[in-house]
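As structure tokens, the structure follows; a few thoughts come after it.
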Amino acid sequence: MKKFFILCLIMTILLPCLATGEELPIGKAKTSKGSVFVIRAGKQIPVSVGDKLFQNDTIRTGSASSVGIIFEDNTVLSLGPDSEIVIDEYVFTPEKGVFSMITRMLRGTASYLSGIIGRQSPESVKFQTPDATIGIRGTQFLVKVADNHSRSCNF
């Protein structure tokens, strides 16, 4: 009877936590300079160092601004001034061998340094620009998406 009571008590405490369905963060802002915002659920929120980022977040920098992001797999993404990127999908479940990172670069400049996903499953990393999709096969690259949607990439 005592074990049953303890089990019920544990379930009473844990079940509401599991039912909230809170999304897990996929990374955080490691550096932030100037005007940096995340657009989440239609709201623009200022970004500070240490702030958590989530799948489907849009990160936007103002002029003379930049942000450095570190993802759960140790991927590093840096955005320069007047940049905007959407994190469409991020899945890092190494215990099940499930990896995916899909981002959309809308404008500006970005520097990418691969983490575990890019090293263990390079085909799972996609970096989309208005004119092309970059499949990551190396460990780092730079990309610039101009306002007129021309692009340049350095691998």
For side chain to side chain donor-acceptor pair (under 3.5 Å), just list the numbers for Ser121 and Glu123, CA-CA rounded to whole Å, side-chain angles, deciding distance to a tenth of an Å, and then say yes or no.
CA-CA 5 Å; Ser121 183; Glu123 68 281 357; 3.1 Å; yes
Can you pull the side chain to side chain donor-acceptor pair (under 3.5 Å) pairs that have at least one residue in residues 67-80, sequence neighbours excluded?
Asp73-Thr75, Asp73-Tyr90
Side chain of Ser32, backbone of Ser48: donor and acceptor closer than 3.5 Å?
no
Considering non-hydrogen atoms only, spot the tightest contact between Phe127 and Ala110 and give its length.
CZ-CB, 4.1 Å
Side chains of Ile116 and Pro94: closer than 4.5 Å at any heavy-atom pair?
no
Say whether, by atom type as modelled, one donor and one acceptor occur between the side chain of Thr58 and the main chain of Val86 under 3.5 angstrom.
no
Would you compute the distance between atom OG of Ser66 and atom CG of Leu79 and round it to the nearest 0.5 angstrom?
8.5 Å
Heavy-atom donor-acceptor pair, Thr61 side chain to Ser83 backbone, under 3.5 Å:
yes
Could you go step by step and tell me if Gln128 and Met105 meet the side chain to side chain contact (heavy atoms under 4.5 Å, CB included) rule?
CA-CA 6 Å; Gln128 300 171 339; Met105 184 78 186; over 6 Å; no
Verify, without hydrogens or angle tests, whether Ser65 (side chain) and Ser35 (backbone) share a donor-acceptor contact under 3.5 angstrom.
yes
Students often mix this up, so state it plainly: with edges at 30° and 60°, are the rings of Phe99 and Phe92 parallel, tilted or perpendicular?
tilted
Do Val143 and Thr129 come within less than 4.5 Å of each other through their side chains, counting heavy atoms only?
yes
Measuring from atom CD of Glu23 to atom CG of Asp57, what distance do you get when rounded to the nearest 0.5 angstrom?
8.0 Å
Which ILVMFWY residues are connected to Phe37, directly or by a chain of links, through side-chain heavy atoms under 4.5 Å apart?
none
So which residues get pulled into Val49's cluster when ILVMFWY side chains under 4.5 Å apart are joined, directly or through others?
none
Of Ile59, Leu77, Asn56, Ile102, the one forming a side chain to side chain contact (heavy atoms under 4.5 Å, CB included) with Ile87 is Ile59
Does Ser63 offer a backbone N or O that forms a donor-acceptor pair with the side chain of Asp82 under 3.5 Å?
yes
Heavy-atom pair of closest approach, residues Val67 and Ala29
CG2-CB, 4.4 Å
Is there a donor-acceptor pair under 3.5 Å between the side chain of Arg119 and the backbone N or O of Ser114?
yes
Any non-hydrogen side-chain atom of Val76 less than 4.5 Å from a side-chain atom of Ile69?
no
Could you tell me whether the side chain of Ile39 reaches within less than 4.5 Å of the side chain of Arg60, counting heavy atoms only?
yes
